[in-house]
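Comments concern the structure below.
The figures that follow rest on heavy atoms only: side chains count, while hydrogens, waters and symmetry mates do not.
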Amino acid sequence: MQRPVEYACAVTAAAIKTGYRGPIFLQGDHFQINAKKFAADAAKEIQTVKNLIWKQLKPDFIILI
């Protein structure tokens, strides 16, 4: 599972490498439950996804609606 900060770093690095100048907009709207992990421990896997969503909502990520 890729964390929001990892994704943001990868996108930013690609922008720098290609010489892109301008705003970068990231959208995290697709969070998935891992079926195998869910079968082993449903509550833990649900909490993992909830934690990922809450990390996305931190102030260092701007959310546009």
Side-chain angles (χ1 to χ4, degrees):
M1 182 181 313
Q2 188 176 38
R3 305 284 184 232
V5 70
E6 294 168 343
Y7 178 67
C9 287
V11 171
T12 303
I16 292 168
K17 183 177 181 178
T18 61
Y20 176 78
R21 301 280 182 221
I24 299 172
F25 298 96
L26 303 175
Q27 181 176 337
D29 64 353
H30 188 78
F31 300 98
Q32 285 186 310
I33 299 285
N34 181 303
K36 196 174 203 179
K37 291 179 181 179
F38 183 82
D41 188 343
K44 182 178 178 184
E45 181 60 8
I46 289 171
Q47 191 58 51
T48 298
V49 173
K50 284 182 179 181
N51 291 343
L52 181 61
I53 292 167
W54 280 112
K55 284 181 183 178
Q56 178 82 18
L57 296 175
K58 284 180 133 181
D60 55 341
F61 283 86
I62 297 171
I63 300 168
L64 302 173
I65 299 175

> Do you know which two heavy atoms are closest between Gln32 and Val49, and how far apart they sit?
Replying inline: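 Gln32 and Val49 have their closest heavy atoms at O-CG2, 3.5 Å.
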> About how many Å separate CZ of Phe31 and CG of Leu52, when rounded to the nearest 0.5 Å?
Replying inline: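 Interatomic distance, Leu52 CG to Phe31 CZ, rounded to 0.5 Å: 5.0 Å.
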> side-chain contact (heavy atoms from CB on, under 4.5 Å) with Tyr20: which residues, sequence neighbours excluded?
Replying inline: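 Checked Tyr20 against side-chain contact (heavy atoms from CB on, under 4.5 Å); matches are Ala15, Thr18, Pro23, Ile24.
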>> Hydrophobic clusters here meaning ILVMFWY residues chained together by side-chain heavy-atom distances under 4.5 Å, can you tell me if Ile16 and Val11 are in one?
In response: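 Shared cluster, no.
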